[in-house]
Amino acid sequence: MIDLSKITYQVFVVDEHNIWYNITDVITDLGWEENENEISVRSSFTVKNSDVSKEKLSSLIKPGCQVIIYASDGSSFDEEVARGYVTTWNPVVQNRSDSLKCTNYDLLYSLQKSQDNRYYPSGTGTQSILTELFKDYGIPMQEYHGPNVTHGKLKYNNSYVSDIIFDVLDDVKKKGGGTYFLRAAKGYVDFMEKGSNSMVYVFQAENTQSISSQISVADLITRVKVIGKENSKGYSSVEATLNGLLQYGIRQRIYTRGSDESLADAKSAAQQILDENGTIKEKVTLQAPDVPFLRKGDFVFVTIGVSENNYFIKGIRHDCSHATMTMELELADLQTVTAENKTEIKKEYQEGDVVNFHGGMHYVSSYPGAKGYSARAGKAKITKKNGSGKAHPWHLIHTDSESNVYGWVDDGTFD
């Protein structure tokens with residue numbers, strides 16, 4: 001059990017001669033963060049620009065120097081939590097105060113900032129694609145623990161390497177190979193399965209400073225049209241229309257079928273757009289005393305107010321100066337996984353299916369004892385299944401005004 005009141009930090013800088021400097025005592029500001037849609041950890045610090053060995057720190061700390069942050073709880077946990085290289089170097093003299101501000105990124109930053117052209121023929125495995133990229137960019141890996149499914153033809157032109165990795169991992173997920181993300185730790189990179197942390201932290205009212213839950217339809221897409229090739233007059237016909245939650249109005253995207261793409265493939269791609277952008281988004285932001293060992297992709301449990309559920313961390317900011325952290329969370333869709341890492345479907349119904357809700361109670365969470373309200377019968381869409389609370393395992397959202405169901409319901413309440 002970690003005593004958060006005893007958390008301490010240490011910061012070291014390693015210069016070009018591999019000399020280590022402990023700058024903890026002159027740190028005035030410190031933090032690091034992992035953001036959604038980024039693969040590199042960003043850290044930052046501000047130090048008093050003091051004399052060290054007859055030199056200012058700004059003379060010792062230069063762009064390219066390595067920065068290593070350790071955290072300890074004074075007993076069972078004492079380990080490195082972030083590492084990076086000075087990328088932005090900013091000495092500041094103001095009102096007789098002399099300070100140095102630095103921003104640092106870990107070794108994955110080069111993949112985030114580099115573009116490349118890549119072609120992978122059908123049949124290429126995930127491990128081959130990813131390890132080749134790391135080798136070409138000089139990214140060290142001790143052992144590969146990532147997925148390895150067989151991909152169809154993949155082609156990338158002027159694509160950021162990080163986007164190539166995101167796309168390959170997304171293809172892995174679609175093929176049932178699991179949900180993985182890339183992580184750098186202690187100077188090496190590896191792939192981690194989402195939510196694979198062995199220690200799960202529970203956040204309740206007494207150990208949380210604030211929580212904000214927001215449901216938004218601002219970016220909702222409710223219709224996708226598949227447009228065919230232009231005829232001789234420059235006109236393109238509509239070949240298919242896929243509808244989603246039209247009760248929120250028509251918010252339309254256009255998918256243009258490629259010259260060598262079948263209509264079935266184009267409709268599949270359009271459906272993917274609807275699957276990814278056609279559901280109501282829930283945003284949960286939680287602020288709590290800092291747990292420096294938590295990282296993006298970790299699994300946590302929150303039981304505060306209406307947010308009583310399992311979540312994955314999709315972004316996290318550690319503020320050491322105030323001993324707090326802020327997490328952006330996404331609802332965890334927990335499924336049973338076989339030894340081959342393929343999803344076992346236990347129900348015939350799937351997320352995205354439109355069903356006929358019989359009417360009755362819908363609940364604010366899937367857990368026993370959750371507050372419930374009466375809802376009218378009618379058509380509804382399954383947005384989540386296998387709720388971790390198990391008492392009310394299906395999450396439904398009505399698709400028309402006939403029903404008003406919007407919550408967790410029991411088995412057997414729809415067909």
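What you see is a predicted model, and the numbers here were worked out from it, not measured in a lab.
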Reported CZ-to-CG distance for the pair Arg183 and Asp190, which is rounded to 0.5 angstrom:
10.0 Å

When the ring planes of Phe414 and Tyr349 are compared, do they come out parallel, tilted or perpendicular, using 30° and 60° as the limits?
perpendicular

Non-hydrogen side-chain atoms of His392 and Val409 separated by less than 4.5 Å:
no

Between Ile280 and Tyr248, is there a side-chain heavy-atom distance shorter than 4.5 Å?
yes

So, Thr88 side chain and Cys102 main chain: donor-acceptor pair closer than 3.5 Å or not?
no

Would you indicate whether Asp219, at its atom CG, is surrounded by more than 12 heavy atoms from other residues, nucleotides or ligands within a distance under 6.0 Å?
no

Worked verdict on Ile382 versus Leu396 for side-chain contact (heavy atoms from CB on, under 4.5 Å)
CA-CA 5 Å; Ile382 299 174; Leu396 302 184; 3.6 Å; yes

Closest approach of Pro147 and Gly177, non-hydrogen atoms and distance?
CB-O, 4.1 Å

Answer yes when Arg42 and Glu33 have at least one side-chain N-carboxylate O distance shorter than 4.0 Å, and no when they do not.
yes

Residue pairs fulfilling salt bridge (charged side-chain N to carboxylate O under 4.0 Å, His left out) with at least one residue in residues 114-134, sequence neighbours excluded:
Asp116-Arg118, Arg118-Glu132, Arg118-Asp136

Could you state the interatomic distance from OG (Ser43) to CZ (Arg83), rounded to the nearest 0.5 Å?
11.5 Å

Do Thr279 and Glu351 have side-chain heavy atoms sitting under 4.5 Å apart?
no

Would you say the side-chain atoms of His318 pair up with the backbone N or O of Glu34, donor to acceptor, closer than 3.5 Å?
no

At their closest point, which heavy atom of Pro289 faces which heavy atom of Met325, and how far apart are they?
O-CE, 3.7 Å

Testing the basics here: between Gln247 and Thr399, what is the closest heavy-atom pair and its distance to 0.1 Å?
OE1-O, 2.9 Å

Do the rings of Trp408 and His395 sit parallel, tilted or perpendicular, given the 30° and 60° boundaries?
perpendicular

Would you say the side-chain atoms of Asn148 pair up with the backbone N or O of Thr126, donor to acceptor, closer than 3.5 Å?
yes

Any side-chain heavy atom of Ile7 sitting closer than 4.5 Å to one from Phe77?
no

Counterpart residues, ring pair (Phe, Tyr, Trp, His ring centres under 6.0 Å), relative to Phe166 (two or more places apart)
none

Under 3.5 Å donor-acceptor, Asp319 side chain and Thr324 backbone
no

Exceeds 12 heavy-atom contacts within 6.0 angstrom, atom OH of Tyr160
no

When rounded to the nearest 0.5 angstrom, what distance separates CD1 in Ile27 from OG in Ser321?
8.5 Å

Would you please test Val238 and Ile227 for side-chain contact (heavy atoms from CB on, under 4.5 Å) and show each step?
CA-CA 5 Å; Val238 177; Ile227 306 297; 3.7 Å; yes

Is a donor on one side and an acceptor on the other found under 3.5 Å between the side chain of Asp78 and the backbone of Ser72?
no

Main-chain N/O of Leu57 paired with Asn49 side-chain donor or acceptor, under 3.5 Å
yes

Could you check if a side-chain atom of Cys320 sits within less than 4.5 angstrom of a side-chain atom of Trp32, using non-hydrogen atoms only?
yes

Residues Phe181, Arg295; criterion side-chain contact (heavy atoms from CB on, under 4.5 Å); working and verdict:
CA-CA 12 Å; Phe181 61 96; Arg295 297 199 59 176; over 6 Å; no

Minimum-distance pair of heavy atoms, taken over all atoms of Phe299 and Gly195
CB-CA, 3.7 Å

Ring pair (Phe, Tyr, Trp, His ring centres under 6.0 Å) filter on Tyr70, not counting sequence neighbours, yields Phe12

Does Thr222 reach the main-chain N or O of Gly249 with its side chain, forming a donor-acceptor pair under 3.5 Å?
yes

Any Leu111 side-chain heavy atom under 4.5 Å of Leu133 side chain:
no

Can you sort out the partners of Thr208 under side-chain contact (heavy atoms from CB on, under 4.5 Å), two or more places apart, ordered by chain and number?
Phe203, Leu286, Ile304

With sequence neighbours excluded, what pairs up with Glu239 under the salt bridge (Lys or Arg N to Asp or Glu O under 4.0 Å) test?
Arg257

Minimum heavy-atom distance between Gly84 and Asn104, given as atom pair plus value
C-CB, 4.1 Å

Quick check: closest heavy atoms across Ile211 and Val302, and the distance to 0.1 Å?
CD1-CG1, 3.8 Å

Keeping Gln112 on the side-chain end and Ile39 on the backbone end, is there a donor-acceptor pair under 3.5 Å?
yes

Candidate pair Glu36 and Glu328, rule side-chain contact (heavy atoms from CB on, under 4.5 Å), full reasoning
CA-CA 9 Å; Glu36 186 180 11; Glu328 303 293 336; over 6 Å; no

Which distance, rounded to the nearest 0.5 Å, do you find between the NZ of Lys296 and the CG of Leu182?
9.0 Å

Return yes if some donor-acceptor pair links the side-chain N/O of Asn207 with the main-chain N/O of Val202 below 3.5 Å, else return no.
yes

Flag the pair Phe357 / Val355 as yes when at least one side-chain heavy-atom distance between them is below 4.5 Å, and no otherwise.
no

When you measure from the side chain of Asp298 to the backbone of Asn197, do you find a donor-acceptor pair of N or O atoms at a distance under 3.5 Å?
no

Can you tell me how far apart CD1 (Ile273) and CZ (Arg223) are? Round to the nearest 0.5 Å.
14.5 Å

Pairs meeting criterion ring pair (Phe, Tyr, Trp, His ring centres under 6.0 Å) with involvement of residues 110-154, two or more places apart:
Phe134-Phe191, Tyr144-Phe191

Roughly how far, to the nearest 0.5 Å, is the CD1 atom of Ile397 from the NZ atom of Lys381?
8.5 Å

Would you mind reporting whether Leu60 and Val13 have side-chain heavy atoms less than 4.5 Å apart?
no

State whether the number of non-hydrogen atoms from other residues, nucleotides or ligands found under 6.0 Å of Tyr188 atom OH is greater than 12.
no

